[in-house]
Protein chains: 2
Amino acid sequence: MKEKQVRSTAAKQHIREILEQSGTALSQPEIQEQSEGVCDRVTVYRVLDRLLQEGEVHKTIGLDGMTRYAICKACDHDHGHQHDHVHFSCEVCGEVTCLDKVIPELKLPRGYRLKEASYMISGVCPTCN
Amino acid sequence: MKEKQVRSTAAKQHIREILEQSGTALSQPEIQEQSEGVCDRVTVYRVLDRLLQEGEVHKTIGLDGMTRYAICKACDHDHGHQHDHVHFSCEVCGEVTCLDKVIPELKLPRGYRLKEASYMISGVCPTCN
DNA sequence: ATTTTTTCGCAACTGTGTTGCATTAATTAT
DNA sequence: ATAATTAATGCAACACAGTTGCGAAAAAAT
């Protein structure tokens with residue numbers, strides 16, 4: 001059982017940089033647009049998959065059904081990830097932001113066993129407000 | 001300005017019945033599967049759109065990015081809809097259920113103006129537990 | 001420098017959701 | 001009841017996100 005080594009490639013570095021600079025969660029098309037032909041569409045998807053596996057990034061599904069990826073900031077890499085934070089989708093600018101600090105409280109009815117939660121809030125962000 | 005009248009068709013009745021009997025949120029493919037060729041794929045989408053417009057149904061995006069529709073139960077049709085309830089997606093059976101009663105509390109950071117919320121929880125439902 | 005292993009690009013494909021348009025079915029008016 | 005009107009349907013075609021196979025290219029290991 002040999003572990004797959006983590007390889008650093010041009011595309012990967014570039015995509016991580018885009019995500020870091022943006023600060024918001026980005027979809028493949030959004031990344032593609034910002035990286036003007038650095039690599040193929042498929043490569044973007046594969047790099048994002050790898051970054052996800054390596055725990056550098058987390059994934060969220062927007063209200064538009066679009067998959068977006070964002071750099072993990074508030075994640076504890078040693079003790080499992082904290083991906084149950086809130087994502088905010090701005091109606092005006094369309095940006096999806098991670099609200100790391102916000103942790104919603106909720107009580108599930110008896111019988112339901114929670115495993116993962118995804119909170120998607122839409123509204124107007126501070127910049128557009 | 002004449003209003004578009006609400007028309008009752010075979011496809012519409014059939015699809016509403018499927019949703020009522022299921023009790024869970026269903027996607028177009030799931031509805032299609034249960035209705036064995038009652039109508040075209042496109043018609044299902046259009047009927048669901050109409051039911052949504054008429055406020056009989058609400059829409060939710062799953063963690064799989066799939067759009068699902070469910071009959072509105074806890075909605076107050078006179079004073080606007082309450083669609084901000086929690087949806088629970090079971091890892092085992094794949095069913096998406098509306099938890100009408102569960103209302104999560106959360107405090108947004110200053111500057112953010114909430115308009116709509118979508119809470120998607122995944123885990124194991126009572127039946128599969 | 002050579003081998004090994006991973007990543008990349010391309011083409012092709014799957015599946016969800018949408019649109020235009022001619023036809024059909026449900027209301028409404030006669 | 002019948003004709004006129006208006007909305008719903010089916011079909012074909014399309015748009016676009018996401019995936020897969022495979023040979024070529026690029027990293028890392030030897």
Side-chain angles (χ1 to χ4, degrees), chain A residues 1-19 25-70 89 94 96 118 120, chain B residues 1-19 25-70 89 94 96 118 120:
Chain A
M1 279 258 175
K2 48 177 98 171
E3 302 225 351
K4 216 173 182 182
Q5 71 223 17
V6 174
R7 198 173 281 203
S8 151
T9 68
K12 195 174 168 184
Q13 284 170 358
H14 191 82
I15 289 169
R16 184 166 39 207
E17 219 162 88
I18 290 176
L19 287 173
L26 299 177
S27 63
Q28 176 274 317
E30 286 165 343
I31 292 170
Q32 198 75 4
E33 196 184 5
Q34 282 187 44
S35 62
E36 291 172 19
V38 167
C39 65
D40 193 73
R41 222 164 59 83
V42 180
T43 302
V44 176
Y45 282 112
R46 290 202 264 232
V47 166
L48 289 171
D49 267 357
R50 253 178 291 148
L51 288 172
L52 190 66
Q53 236 72 60
E54 293 162 14
E56 300 220 29
V57 136
H58 67 269
K59 184 173 155 177
T60 176
I61 313 278
L63 294 171
D64 52 359
M66 200 80 114
T67 310
R68 268 172 257 258
Y69 298 82
S89 168
V96 176
S118 163
M120 191 47 93
Chain B
M1 280 259 173
K2 49 178 100 172
E3 303 225 349
K4 218 174 181 181
Q5 71 222 21
V6 174
R7 200 172 279 202
S8 152
T9 68
K12 195 174 168 185
Q13 284 170 359
H14 192 83
I15 289 170
R16 185 166 38 207
E17 219 161 89
I18 290 175
L19 288 173
L26 300 176
S27 62
Q28 176 273 318
E30 286 164 344
I31 292 170
Q32 198 76 5
E33 196 184 2
Q34 283 187 44
S35 63
E36 291 173 18
V38 166
C39 66
D40 193 72
R41 223 165 57 81
V42 181
T43 302
V44 176
Y45 282 112
R46 290 201 263 230
V47 166
L48 289 170
D49 267 359
R50 253 178 292 147
L51 289 172
L52 191 66
Q53 235 72 61
E54 293 161 14
E56 301 219 28
V57 137
H58 66 269
K59 185 173 156 178
T60 175
I61 312 277
L63 294 171
D64 53 358
M66 199 78 115
T67 310
R68 267 172 259 258
Y69 297 83
S89 168
V96 176
S118 163
M120 193 43 100

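Residue numbers begin at 1 in each chain, while the letters A, B, ... track the order of the sequences.
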Problem set entry | Euclidean distance, atom CG of residue Asp49(B) to atom P of dA7(D) [Å, nearest integer] | 16 Å

Problem set entry | Atom of Leu52(B), atom of His58(B) and distance for their closest heavy-atom approach | CD1-CA, 3.8 Å

For this session: For Glu30(B) and Ala25(B), work out which heavy atoms get closest and say how close.
Result: OE1-O, 3.9 Å

Seminar exercise, completed: Whole-Å distance, Tyr69(B) OH to dT16(C) P, equals 13 Å

Exercise. With a 3.5 Å cut-off and no angle check, do the side chains of Gln13(B) and Ser8(B) form a donor-acceptor pair?
Worked result: yes

Exercise. Does a salt bridge link Glu54(A) with Arg16(A), judged by any charged N lying under 4.0 Å from a carboxylate O?
Worked result: no

For this session: Can you tell me the distance, in whole Å, between the NZ atom of Lys12(B) and the P atom of dT24(C)?
Result: 22 Å

Exercise. Where do Arg68(B) and Gly94(B) come nearest, in terms of heavy atoms and distance?
Worked result: NH1-O, 4.3 Å

For this session: Let me know the distance between CD1 of Ile15(A) and P of dC8(C), rounded to the nearest Å.
Result: 8 Å

For this session: Might you work through the side-chain contact (heavy atoms from CB on, under 4.5 Å) test for Val96(B) and Met120(B), ending with a clear yes or no?
Result: CA-CA 9 Å; Val96(B) 176; Met120(B) 193 43 100; 4.3 Å; yes

Exercise. Which parts of nucleotides 25-30 of chain C does protein reach within less than 4.0 Å, heavy atoms only, written one letter per nucleotide 5' to 3' as B for base, S for sugar-phosphate only and - for none?
Worked result: BBS---

Problem set entry | Whole-Å distance separating the CD atom of Glu30(B) from the P atom of dG17(C) | 11 Å

Exercise. In B/S/- notation, 5' to 3', how is nucleotides 11-18 of chain D contacted by protein heavy atoms closer than 4.0 Å?
Worked result: BBB---SB

Exercise. Which heavy atom in Ile18(A) sits nearest to a heavy atom in Ile31(A), and how many Å separate them?
Worked result: CD1-O, 4.1 Å

For this session: Using modelled atom types only, decide if a donor and an acceptor are shared between the side chain of Gln32(B) and the backbone of Val38(B) within a distance under 3.5 Å.
Result: no

Seminar exercise, completed: Minimal heavy-atom distance between Gly65(B) and Ile61(A), with the atoms involved, is CA-CG2, 3.8 Å

Exercise. Rounded to whole angstrom units, what separation is found between the CD atom of Glu54(A) and the C1' atom of dT6(C)?
Worked result: 12 Å

For this session: To the nearest Å, give me how far apart CD (Gln13(A)) and C1' (dT6(C)) are.
Result: 15 Å

Exercise. For the pair made of CZ in Arg50(B) and P in dA7(D), what is the distance, rounded to whole Å?
Worked result: 11 Å

